[in-house]
Protein chains: 2
Amino acid sequence: MKIGQLAKALDVSTDTLRYYEAHGLLAPSARTESGYRVYTEIHLQQMHFILRAKDVGFSLREIQELLHIQIDKHQHSCEEVKYITLQKRNLVQKKINELQRFERSLTFLADRCCGGKESADYCSILTALEEVDDIN
Amino acid sequence: MKIGQLAKALDVSTDTLRYYEAHGLLAPSARTESGYRVYTEIHLQQMHFILRAKDVGFSLREIQELLHIQIDKHQHSCEEVKYITLQKRNLVQKKINELQRFERSLTFLADRCCGGKESADYCSILTALEEVDDIN
DNA sequence: ATAAACCTTAGAGTAAACCCCAAGGTCAAG
DNA sequence: CTTGACCTTGGGGTTTACTCTAAGGTTTAT
Ligand SMILES: [Zn+2]
Ligand SMILES: [Zn+2]
Ligand SMILES: [Zn+2]
Ligand SMILES: [Zn+2]
């Protein structure tokens, strides 16, 4: 398989595949005489792994770690894999909490503004942002 | 007030203040003969506005819009302000939903892995990522 | 034989919100 | 008069995951 075919099969760009190679995620095992990258079924499977991991929220750096383990499962433990997964979930939860704080503040602000066409001279959103004390 | 004093009063860096100036958020109204930026109480208040808006989740681009309105309230309406706020909340909610999808997937994965010290040969997280069908 | 479609590399550009550095000018105190 | 704290500009670096371009070489079909 050449890069274009693999890209089409996975619905990613050839640029993405070269990017993954440059960043240690997926290297073709061979090149043609003229230098074209050659991929096999194995690479297709590895890309599936990568894309699924991405879909679950892992960053490329984390996927690299997982791939490392996946390729040589025997030398690694469930403990490691679970640790990475829980670490990630922790990070995701922190982000969610921050965004929910934003959401609450924005709701608080929006609820108090009439949203009318009159001038914003006394808009409660603007005055709340001008005030010194916390919204929450 | 010189830039360092304003920075200290707000607990931000002088770099940040120069950055905001370069990006149209807060321009000192004067310079000393030697070129030093001069700030007043008004700038302090504007920075409070900016920082509070940031705290609520607005991006600098959005804050710029809000500032524009705040500075000339009379020419703008509550409708505009509320629109920006609701738009932002919408965006925040979308991000939350995506992260919650991640969270669910990661929880699903983690729950099924024993996390033990034995080899990862049959780790359910890895096999789930290898499989073709969706986790959710 | 030639055009279309494909491949190669290296390098630049994108978003967001800054941080850090160098080289030099300014200002108050001792 | 010099030290040290402050200020200036301009530029580069950070993070993430790519995308795009240029300039050229290769393959395949007609
Ligand atoms: Zn109103
Ligand atoms: Zn209003
Ligand atoms: Zn296990
Ligand atoms: Zn496991």
Side-chain angles (χ1 to χ4, degrees), chain A residues 1-40 43 46-47 49-67 87-88 91-92 94-95 98-99 102, chain B residues 1-40 43 47 49-67 88 91-92 94-95 98-99 102:
Chain A
M1 244 198 275
K2 277 186 289 185
I3 197 169
Q5 296 170 276
L6 184 62
K8 195 162 286 177
L10 293 160
D11 197 30
V12 301
S13 74
T14 57
D15 272 329
T16 298
L17 291 173
R18 287 192 206 97
Y19 179 83
Y20 285 178
E21 179 179 355
H23 291 75
L25 287 164
L26 183 83
S29 32
R31 296 278 184 133
T32 66
E33 276 180 29
S34 54
Y36 287 16
R37 290 166 177 82
V38 177
Y39 296 93
T40 69
H43 299 101
Q46 285 223 7
M47 271 302 290
F49 182 96
I50 292 170
L51 294 177
R52 289 190 49 61
K54 250 183 68 109
D55 202 51
V56 166
F58 287 113
S59 70
L60 294 190
R61 182 176 298 274
E62 289 153 349
I63 293 172
Q64 205 179 356
E65 249 186 298
L66 289 173
L67 266 177
Q87 281 285 103
K88 183 63 186 186
L91 219 137
V92 167
K94 272 186 192 145
K95 278 191 200 165
E98 200 193 355
L99 288 175
F102 287 165
Chain B
M1 243 198 277
K2 277 184 290 183
I3 198 169
Q5 295 170 277
L6 183 62
K8 196 163 282 176
L10 293 160
D11 197 30
V12 301
S13 74
T14 57
D15 271 328
T16 298
L17 291 173
R18 288 193 206 95
Y19 179 83
Y20 286 179
E21 179 178 355
H23 290 75
L25 287 163
L26 183 83
S29 32
R31 297 274 185 136
T32 66
E33 276 181 29
S34 53
Y36 288 16
R37 290 166 175 82
V38 177
Y39 297 93
T40 70
H43 299 102
M47 271 301 291
F49 183 94
I50 292 171
L51 294 176
R52 290 190 48 62
K54 249 183 70 110
D55 203 51
V56 165
F58 287 113
S59 70
L60 295 191
R61 182 177 299 273
E62 289 154 349
I63 293 172
Q64 207 178 354
E65 248 186 298
L66 289 173
L67 267 176
K88 183 63 185 186
L91 218 139
V92 167
K94 273 186 191 144
K95 277 191 199 165
E98 198 193 355
L99 288 174
F102 288 167

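Per chain, numbering begins at 1; letters A, B, ... match sequence-line order. Everything numeric in this text was worked out from a predicted model, so none of it was measured.
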Approximate separation, where rounding is to 0.5 Å, of [X] [atom1] and [Y] [atom2]:
X: Leu26(B); Y: Leu6(B); atom1: CG; atom2: CG; answer: 7.0 Å
X: Thr16(B); Y: Met47(B); atom1: OG1; atom2: CE; answer: 7.5 Å
X: Ile3(B); Y: Glu21(B); atom1: CD1; atom2: CD; answer: 7.0 Å
X: Leu99(A); Y: Lys94(B); atom1: CG; atom2: NZ; answer: 14.0 Å
X: Asp11(A); Y: Leu51(A); atom1: CG; atom2: CG; answer: 9.5 Å
X: Leu10(A); Y: Lys8(A); atom1: CG; atom2: NZ; answer: 12.5 Å

Hey, is Asp55(B) close enough to Arg52(B) for a salt bridge, meaning N to O under 4.0 Å? no

To the nearest 10 degrees, how far apart in direction are the end axes of the helix from dA1(C)-dT30(D) to dG30(C)-dC1(D), each fit to five base pairs? 30°

Side-chain (Glu98(A)) to main-chain (Lys95(A)) donor-acceptor, under 3.5 angstrom: no

Hey, is the main chain of Gly57(B) close enough, under 3.5 Å, to the side chain of Lys88(B) for a donor-acceptor pair? yes

So, for Ala7(A) and Ser13(A), which heavy atoms are closest and what is the spacing to 0.1 Å? CB-C, 4.1 Å

To check you understand the geometry: which heavy-atom pair defines the closest contact between His43(B) and Ser29(B), and what is its length? CE1-OG, 3.2 Å

Listed pairs, N/O of protein and of nucleotides 12-16 of chain D, under 3.5 Å:
none

Does His23(A) or Gly4(B) map to a spot on DNA chain D nearer the 5' end, using the closest nucleotide for each? Gly4(B)

Want to settle it: does Asp15(B) or Glu33(B) sit nearer the 5' end of DNA chain C, counting the closest nucleotide to each? Asp15(B)

Gap between atoms [atom1] and [atom2], on [X] and [N] respectively (whole Å):
X: Gln5(B); N: dA5(D); atom1: CD; atom2: P; result: 16 Å
X: Leu6(B); N: dC6(D); atom1: CG; atom2: P; result: 15 Å
X: Lys54(A); N: dA17(D); atom1: NZ; atom2: P; result: 7 Å
X: Leu17(A); N: dT19(D); atom1: CG; atom2: P; result: 11 Å
X: Gln64(A); N: dA17(D); atom1: CD; atom2: P; result: 11 Å
X: Arg18(B); N: dG11(D); atom1: CZ; atom2: C1'; result: 14 Å
X: Ile3(A); N: dT27(D); atom1: CD1; atom2: C1'; result: 16 Å

Give a yes/no on whether any side-chain N or O of Thr16(A) is located under 4.0 angstrom from OP1 or OP2 of dT19(D). yes

With a 4.0 Å limit, can you tell me whether Arg37(B) has a side-chain N or O closer than that to the phosphate oxygens OP1/OP2 of dC7(D)?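 Negative; the distance criterion is not met.
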
List in chain and number order the residues that pass ring pair (Phe, Tyr, Trp, His ring centres under 6.0 Å) with Tyr20(A), two or more places apart in sequence or in another chain; answer none if no residue qualifies. none

Partners of Phe102(B) by ring pair (Phe, Tyr, Trp, His ring centres under 6.0 Å), sequence neighbours excluded?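 For Phe102(B), no residue satisfies ring pair (Phe, Tyr, Trp, His ring centres under 6.0 Å) once neighbours in sequence are set aside.
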
Base, sugar-phosphate, or nothing for Thr32(B), non-hydrogen atoms under 4.0 angstrom? nothing

Can you give me the first and the last nucleotide of DNA chain C (5' to 3') that has an atom within less than 4.0 angstrom of a non-hydrogen atom in chain A? dC6(C) to dT9(C)

Residue pair Glu62(A) / Gln87(A), side-chain heavy-atom distance below 4.5 Å: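 No - every pair of side-chain heavy atoms lies 4.5 Å or more apart.
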
Short N/O separations, protein against nucleotides 23-26 of chain D, under 3.5 angstrom:
unit_1, atom_1, unit_2, atom_2, d
dG25(D), N2, Tyr36(A), OH, 2.7
dT26(D), O4', Tyr36(A), OH, 3.1
dT26(D), O3', Ser34(A), OG, 3.4

